[in-house]
Amino acid sequence: MTNMIARLVVACNDERKKGSDFPTIWKDVLKAHPYVRGLPIQDSGEDGPVLKIPLITGQFLVFLGSHFALL
């Protein structure tokens, strides 16, 4: 399962590097992914607003504006 989550983070960051915005990445990569548990949740972090995507592992995939990370 850890490998799949790591690949998901890499796939999202690769799409971001290609210039895709969050709505496109949500639609094309995340929305139908079997490890995504729900809709993005707006939150804030040290550097400003973030979007947290809940995963079936209990973790969150976090979009920080410029990149994705695992929380």
Between Gln59 and Leu71, what is the shortest heavy-atom contact and its length?
CB-O, 3.4 Å
For Trp26 and Gly38 the tightest heavy-atom approach is CH2-O, 3.5 Å
Listed partners of Lys17 passing salt bridge (Lys or Arg N to Asp or Glu O under 4.0 Å), at least two apart:
none
Can you tell me if Arg7 uses its side chain to pair, donor with acceptor, with the backbone of Ala11 under 3.5 Å?
no
Restricting to non-hydrogen atoms, name the atom on Val62 and the atom on Leu64 that form the minimum distance, rounded to 0.1 Å.
CG1-CD2, 3.5 Å
Contact summary for Ile56 and Pro34, nearest pair of heavy atoms:
CG2-O, 3.9 Å
With rounding to the nearest 0.5 Å, note down the distance linking CG in Leu30 to CZ in Phe22.
6.0 Å
May I have the step-by-step check of side chain to side chain contact (heavy atoms under 4.5 Å, CB included) for Leu51 and Asp43, ending in yes or no?
CA-CA 6 Å; Leu51 289 171; Asp43 202 356; over 6 Å; no
What's the spacing between Asp21 CG and Glu15 CD if we round to 0.5 Å?
11.0 Å
State whether the side chain of Asn13 and the backbone N or O of Phe68 hold a donor-acceptor pair below 3.5 Å, judged by distance alone.
yes
Give the minimum heavy-atom separation between Leu55 and Arg37, together with the two atoms involved.
C-CB, 3.9 Å
What about Leu70 and Phe63, same hydrophobic cluster or not, with Ile/Leu/Val/Met/Phe/Trp/Tyr joined at side-chain heavy-atom distances under 4.5 Å?
yes
Name all residues meeting the salt bridge (Lys or Arg N to Asp or Glu O under 4.0 Å) criterion together with Asp28; count only those two or more places apart in sequence or in a different chain, and write none if there are none.
none
Establish whether Val50 and Val36 are linked, either directly or via other cluster members, by ILVMFWY side-chain heavy-atom contacts under 4.5 Å.
no
Please answer whether the main-chain N or O of Ile25 pairs with a side-chain N or O of Arg16 as donor and acceptor at a distance below 3.5 Å.
no
Heavy atoms, side chains only, cut-off 4.5 Å: are Leu8 and Val10 in contact?
no
Measure across Ile41 and Phe60 and return the closest heavy-atom pair with its distance rounded to 0.1 Å.
CD1-CE2, 4.1 Å
